[in-house]
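Here's the structure we're looking at; comments come further down.
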Amino acid sequence: STVADFKPIEDDKDGKYSKFVLRFSLETDQGREVAGDNIVVLFHPERAPKVRRLTETPPPGEHPRVFFTKADLPELRRRAEASPVAKRAVEMMRTRSKGLDNPDSVYQAILADRDFSIRPVWGSKGHGFFTPVMEAAYVNWLGEAGQTNTEKMQELARVFSEACQESLTWYRPNYYNVLCHDVIWPVGIAYDLLHDYMDEAGRAEARHLISRMTSHRYSKGPYEPPQGNATNHRGSHDHIFATTLAIEGEEGFDEGVIDCIEKKDAIWLTQYGIFESGLPHEGYAYFNHGMSWMSMTILANTRRKNRENLAETTRFYRAVSETPFRLLDKDGIRSHHDVVEDTETGAGLVPNPPNQIMIAKYLWPEDRTIDYVWAQLSENLLKETREDRFGFLHAVFAEPVRYPDQTMTEAAGTLNTAHFCPDRGFMNARNSWDEDSLRLNLRCRMDKYYVGHVHSDCNAFELWGRNRMWFMDRGK
């Protein structure tokens, strides 16, 4: 006879999941098992609304694949017209890509078969070499009038593959740099976009470079003590995830890098990095620093088949919706932890959309609270005159504001005006959800966790109103 047994084997103390085992057995009439096998089943709590429907990552060898697929191209073209931020980003990228036409550029040297070296511009300040190539690949893939510029894509593919080949003559990974600053993520995205326009020899050179940059980079992994897992640096190196995902299933791909970061992010988002209240262990500006790439990893991983949807099963949603909403003023997000140097602006002010807000808006496009935060921050971004404020990620993910006329009260919905985090001893309270309401921040403990970026300022408070600080935490 066939017997099925279903029973719990582990219940995570943090409430992240419940683990069950389903065992199928073949037994004799006397009840003796002669064959059997176990299937482990994980049930994750629903911590967030369902995300929008995403295109699934295609099988290995099909490109593009990291953040979008060929099926997403019509939507990406529409977003480049309908979203003011995405439209501005595409315009800026088109302008920057014209710099490749400079007769003295490395790009033109490669086209003309002159001697060249990528090394001087590999990690240079600004955009280096591979970023404008990636941006040019994206805007020419979008094309104009709905047509991809195939001729330009082929030219870019040739230059890109030769640049990768030259880089291999001198590049060596800096394994001692745990934040992986030497990993140039535009190389992975450029490969993803130009894959179909290169011959196999060109693809091999690019894969070799990506593999050399990413393989065996298990730094900042999931098996460190709590104080090591609490800091924002846990996500600062997640750009390696998107880089290596570009060659998933291909020669040189290291599955261990993906598994390590996925496990590390799941732990950080449910235990050490974000409290159940939605507040991060560190101040919001520091949190923004670490989440710049962890949010991109969450999105890329969510698209992959049979992987945990960290956007729904972790504390990510509360950290990118309720928390920034409570800290929002007209000029930006006023951090609840960072140094304030003057009452008008203050360090820690986040005036422009951090990646996690942009990705949250992309994943939950109809969420009113996230939409309100995105509207305020994207309005500030559009006032920017610096072209480097707009880039590839804005062009791909910046959604248009859904509810431009809603008030803060409408966006708040049923949120209480007071919110207390017992883990951090932090109270945030308002007298109302009006835009000009008073806001009080009170901190009453700093002793529970050993992390960096903390201050001995128990019982310190700040009072905000009418878009400025009236009482300053003098402990800062």
Side-chain angles (χ1 to χ4, degrees), residues 60-61 63-66 96-97 99-138 140 152-219 237 239-258 293 392:
H63 295 265
R65 56 182 293 105
V66 177
R96 285 196 292 267
S97 65
L100 299 175
D101 297 331
N102 185 328
D104 298 325
S105 67
V106 173
Y107 186 93
Q108 292 299 316
I110 297 174
L111 280 181
D113 294 323
R114 301 197 305 266
D115 291 338
F116 71 94
S117 176
I118 300 299
R119 193 167 193 169
V121 292
W122 173 270
S124 61
K125 292 183 178 180
H127 296 281
F129 175 80
F130 287 106
T131 297
V133 170
M134 173 196 68
E135 292 183 341
Y138 183 73
N140 282 283
K152 189 65 175 180
M153 293 293 281
Q154 292 170 339
E155 177 187 294
L156 286 161
R158 177 203 154 187
V159 171
F160 173 70
S161 61
E162 291 191 27
C164 290
Q165 182 181 25
E166 192 276 338
S167 299
L168 285 167
T169 63
W170 55 264
Y171 170 76
R172 297 296 181 270
N174 183 359
Y175 291 114
Y176 295 101
N177 186 325
V178 295
L179 297 183
C180 304
H181 289 138
D182 60 305
V183 176
I184 309 299
W185 66 269
V187 175
I189 304 303
Y191 174 80
D192 200 30
L193 286 163
L194 297 171
H195 176 276
D196 291 355
Y197 301 91
M198 291 186 283
D199 58 24
E200 184 50 40
R203 295 184 195 121
E205 298 290 355
R207 284 196 300 268
H208 190 181
L209 178 60
I210 293 170
S211 177
R212 184 179 292 182
M213 278 197 294
T214 60
S215 294
H216 313 298
R217 304 294 284 268
Y218 303 139
S219 61
H237 70 310
H239 58 287
I240 195 175
F241 188 94
T243 311
T244 193
L245 201 61
I247 60 171
E248 182 181 20
E250 301 177 35
E251 184 179 1
F253 173 65
D254 185 351
E255 181 72 31
V257 174
I258 295 294
W293 266 102
F392 171 79

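On a predicted model such as this, the values are computed, not experimentally measured, just so you know.
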(Q) Tell me whether R207 contacts the main-chain N or O of E250 through its side chain, where contact means a donor paired with an acceptor under 3.5 Å. (A) no

Q) What's the shortest heavy-atom distance between V106 and F129, and which atoms? A) CG1-CE1, 4.0 Å

**Q.** Greater than 12 external heavy atoms within 6.0 Å of E255's CD
**A.** yes

(Q) With rounding to the nearest 0.5 angstrom, report the NE2 to NE2 distance, H181 to H237. (A) 11.0 Å

Q | Residue pairs, two or more places apart or on separate chains, that pass salt bridge (charged side-chain N to carboxylate O under 4.0 Å, His left out) and touch residues 171-194 | A | D182-R217

Q. Where do Y107 and K152 come nearest, in terms of heavy atoms and distance?
A. OH-NZ, 3.9 Å

Q) Side-chain contact, heavy-atom cut-off 4.5 Å: H208 with C164? A) no

**Q.** Approximate separation, where rounding is to 0.5 Å, of L194 CG and S161 OG
**A.** 9.0 Å

Q. If you look at every heavy atom in L193 and M134, which pair is closest and at what distance?
A. CD1-O, 3.9 Å

Q) Going from CD1 on I240 to OG1 on T214, what distance comes out if it is rounded to the nearest 0.5 angstrom? A) 5.5 Å

Q: Can you see which heavy atom on T244 is nearest to which on I210, and at what distance?
A: CA-CG2, 4.3 Å

Q: Search all heavy atoms of M213 against all heavy atoms of I184 and return the closest pair with its distance.
A: SD-N, 3.4 Å

Q. Sub-3.5 Å donor-acceptor pair from the side chain of S105 to the main-chain atoms of N102, do we have one?
A. yes

Q: Side-chain contact test, heavy atoms from C-beta onward, threshold under 4.5 Å: evaluate it for I258 versus F253 and give yes or no.
A: yes

Q. If we only count heavy atoms from C-beta on, is the V121 to F130 side-chain gap below 4.5 Å?
A. no

Q) Measuring from I118:CD1 to Y171:OH, what's the distance to the nearest 0.5 Å? A) 14.5 Å

Q. Distance-only, no hydrogens or angles: does the H239 side chain make a donor-acceptor pair with backbone N or O of C180 under 3.5 Å?
A. yes

**Q.** Exercise: identify the closest heavy-atom pair between G252 and S211
**A.** O-OG, 2.7 Å

Q. Do NZ/NE/NH1/NH2 and the carboxylate oxygens of R158 and D113 come within less than 4.0 Å?
A. yes

Q: List for me each residue that meets ring-ring contact (aromatic ring centres under 6.0 Å, His included) alongside H195, sequence neighbours excluded, and say none if there are none.
A: H63, Y191

Q: Look only at the side chain of T243 and the backbone of G188, and say whether a donor-acceptor pair between them is shorter than 3.5 Å.
A: no

Q) Does D101 CG have over 12 foreign heavy atoms under 6.0 Å away? A) yes

Q) What distance separates I247 CD1 from R203 CZ, expressed to the nearest 0.5 Å? A) 14.0 Å

Q. What's the spacing between Y197 OH and M153 CE if we round to 0.5 Å?
A. 4.5 Å

